[in-house]
Q: 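Here you go, one structure.
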Amino acid sequence: MDKTKRPFRKSKRSFRRRLPPPIGSGDRIDYRNMSLISRFISEQGKILSRRVNRLTLKQQRLITIAIKQARILSSLPFLNNEKQFERPESIPRTTGPRIRNK
């Protein structure tokens, strides 16, 4: 096949839009900065991944260390129990024996 008549090729550039970084240059990553730390914790109290946070490797390490220090010093709970899970109403069971249809 002639190189000049190639079928449509996808460009290798990604069109992902760059968003502003979640940590500003003035923000200090510290266990006392609870407003910053709480942005990187899920509703269950888990540390969000680097891909979700859009952080660099160094920032993610510092955030993780700060979260763990805050948990140890009891300024941050290990589990987030604020939102209690509500059980859906259960269907009442029959107490009698099951009848099989043959």
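Numbering of residues begins at 1 and proceeds along the displayed sequence. Note that the structure is predicted; figures quoted are calculated from it, not measured.
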Q: Which heavy atom of R39 sits nearest to which heavy atom of I23, and what is that distance?
A: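 What the structure gives for the nearest pair is NH2-CA, 4.5 Å.
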
Q: So, for R71 and K46, which heavy atoms are closest and what is the spacing to 0.1 Å?
A: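 What the structure gives for the nearest pair is NH2-CA, 4.2 Å.
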
Q: Could you list the cluster mates of L48? Members are the ILVMFWY residues connected by side-chain heavy atoms closer than 4.5 Å, either directly or through other members.
A: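 V52, all in the cluster of L48.
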
Q: Can you tell me how far CZ of R61 sits from CZ of R50, rounded to the nearest 0.5 angstrom?
A: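 It comes to 9.0 Å.
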
Q: Starting at CG of N33, measure out to OG of S75 and round the result to the nearest 0.5 Å.
A: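 Reported value, rounded in 0.5 Å steps: 11.0 Å.
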
Q: With side-chain contact (heavy atoms from CB on, under 4.5 Å) as the criterion, how do Q60 and N53 come out once you've worked through the C-alpha distance, each side chain's angles and the decisive distance to 0.1 Å?
A: CA-CA 8 Å; Q60 180 70 21; N53 290 337; 3.2 Å; yes

Q: Linking Ile, Leu, Val, Met, Phe, Trp and Tyr by side-chain heavy atoms under 4.5 Å, what else ends up with L73?
A: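 Members alongside L73: Y31.
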
Q: Can you hop from M34 to F40 via hydrophobic side chains spaced under 4.5 Å?
A: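 Result: yes, single cluster for both.
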
Q: Apply side-chain contact (heavy atoms from CB on, under 4.5 Å) to I72 and Q69, showing your working.
A: CA-CA 5 Å; I72 289 170; Q69 285 176 339; 5.8 Å; no

Q: With I29, which of L62, I67, L55, T64 fulfils side-chain contact (heavy atoms from CB on, under 4.5 Å)?
A: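 Exactly one option meets the side-chain contact (heavy atoms from CB on, under 4.5 Å) with I29, and it is L62.
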
